[in-house]
2 protein chains.
Amino acid sequence: MNVEFINPFITSLINVLATMAQTDLKAGKPNKKSDEVARGDVSGLIGMVGPQIKGSFSITFDADLALEIMQRMLGEKPAKIDADVTDMVGEITNMVTGGAKNELAQKGYEFEMATPMVVSGKQHTITHKVDGPKIILPFSSDAGSVYLEICFDKL
Amino acid sequence: MNVEFINPFITSLINVLATMAQTDLKAGKPNKKSDEVARGDVSGLIGMVGPQIKGSFSITFDADLALEIMQRMLGEKPAKIDADVTDMVGEITNMVTGGAKNELAQKGYEFEMATPMVVSGKQHTITHKVDGPKIILPFSSDAGSVYLEICFDKL
């Protein structure tokens with residue numbers, strides 16, 4: 001997969017969490033192994049469809065980090081993953097994808113975003129079903145880990 | 001939400017499971033409450049984007065039913081939710097959405113499908129983040145339960 005296509009998502013995730021939740025992410029080593037999966041407690045997922053491309057994107061948070069982001073964004077820390085947390089995760093997913101979409105549009109890659117979905121459940125995994133390669137990218141922060149997964153058909 | 005829009009997904013799910021896995025589904029009562037969520041062990045999710053519509057669709061299976069469908073489709077029953085099961089769930093999600101897409105196209109509703117994603121994890125929940133109404137529809141079978149969730153913006 002073209003790194004030109006992945007970088008806007010990475011930049012956008014880092015920007016969104018720095019701006020919205022004063023949380024600095026440090027990118028780890030990308031993993032392209034197709035049998036690897038990210039494991040976490042709450043995830044935002046979104047589908048993308050364009051004339052040249054079709055794919056899916058997910059962000060998976062550890063519960064601790066998701067709750068700490070709530071604290072930093074809203075000044076309140078729920079005791080567990082509740083509807084407010086899934087709203088926040090859905091909103092972050094939308095913002096990150098929207099930021100990447102704008103940057104990619106400037107490079108001539110157009111796509112539309114579907115509506116986001118949020119999965120909660122202890123240590124769930126997400127498998128993106130595409131023919132093309134898949135990227136899993138771990139990020140660390142002072143409050144826990146987040147994993148970005150992205151894949152596209154035909155790239 | 002327009003029932004004209006939901007029915008093709010219901011028909012398609014029933015057809016796919018009857019044809020591919022000789023499993024008859026009985027539809028339960030639809031639920032429109034926005035705070036209700038389906039809970040299950042393995043789910044297929046897909047985003048949809050069209051000129052008039054944007055939304056997301058998921059099918060959530062109990063582990064027992066997913067494993068029994070493997071037995072009926074492929075003659076082999078894995079001991080747990082593995083990569084073969086998530087492949088099958090992704091494929092069913094694609095087929096169900098594809099069937100509904102064809103039927104809706106004939107009625108003048110066009111949309112493109114993103115690539116499917118599959119979530120596994122004991123008793124996870126999925127929240128579809130849209131402004132519009134959301135439908136959760138439970139189905140029962142001789143081998144376990146499946147939940148269909150579908151929602152669209154602007155309908």
Side-chain angles (χ1 to χ4, degrees), chain A residues 34-51 53-58 60 81-94 97 111-132 134 149-155, chain B residues 34-51 53-58 60 81-94 97 111-132 134 149-155:
Chain A
S34 60
D35 57 345
E36 285 290 327
V37 290
R39 201 173 282 271
D41 306 315
V42 59
S43 298
L45 302 85
I46 202 161
M48 297 170 289
V49 180
I53 48 173
K54 186 182 275 200
S56 58
F57 168 69
S58 63
T60 297
I81 307 294
D82 61 11
D84 292 335
V85 180
T86 67
D87 278 353
M88 179 272 292
V89 171
E91 197 47 51
I92 287 179
T93 307
N94 238 344
T97 317
F111 64 85
E112 295 299 321
M113 294 153 54
T115 47
M117 297 167 271
V118 178
V119 173
S120 50
K122 196 135 191 66
Q123 291 280 294
H124 64 260
T125 62
I126 297 169
T127 321
H128 295 256
K129 298 292 181 188
V130 292
D131 295 332
K134 184 169 82 169
E149 288 187 69
I150 180 165
C151 36
F152 288 100
D153 267 346
K154 301 176 195 164
L155 276 184
Chain B
S34 61
D35 57 344
E36 285 289 326
V37 290
R39 202 171 280 272
D41 306 315
V42 59
S43 298
L45 302 85
I46 202 161
M48 297 170 289
V49 180
I53 49 173
K54 187 181 274 202
S56 58
F57 167 69
S58 64
T60 297
I81 307 295
D82 61 11
D84 292 336
V85 179
T86 67
D87 277 351
M88 179 273 290
V89 170
E91 198 48 51
I92 287 179
T93 307
N94 238 342
T97 316
F111 64 85
E112 295 300 322
M113 295 153 52
T115 48
M117 296 168 270
V118 178
V119 173
S120 51
K122 195 134 193 65
Q123 291 281 293
H124 64 260
T125 62
I126 297 169
T127 321
H128 295 255
K129 298 291 180 189
V130 293
D131 295 331
K134 184 168 81 168
E149 288 188 69
I150 181 165
C151 37
F152 289 99
D153 266 345
K154 301 175 194 164
L155 275 186

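Computation of the quantities below employed the complete heavy-atom set of this structure, encompassing side-chain atoms and omitting hydrogens, waters and symmetry-equivalent molecules. Every chain is numbered from 1 and lettered A, B, ... according to where its sequence line falls, protein lines coming before strand lines.
Note on B:G55, B:A83, B:S43, B:G90: by heavy-atom pairs under 4.5 Å with chain A, the leading option is B:G55. Note: B:M113 leads B:Q123, B:M113, B:R39 in heavy-atom pairs under 4.5 Å with chain A. Note on A:G50, A:S120, A:G121: by heavy-atom pairs under 4.5 Å with chain B, the leading option is A:S120.
Heavy-atom distances place both the backbone and the side chain of A:D87 under 4.5 Å from chain B.
Looking at B:N94, B:T93, B:T86, B:V89 one by one, the single match for side-chain contact (heavy atoms from CB on, under 4.5 Å) with A:K129 turns out to be B:T86.
Contact detail for A:G47 and B:A114: the closest heavy-atom pair is CA-CB, 3.6 Å.
A distance of 13.5 Å separates NE2 in B:H124 from CG in A:D41, rounded to the nearest 0.5 Å.
Side chains of B:E149 and A:M117 form no contact here, defined as non-hydrogen atoms less than 4.5 Å apart.
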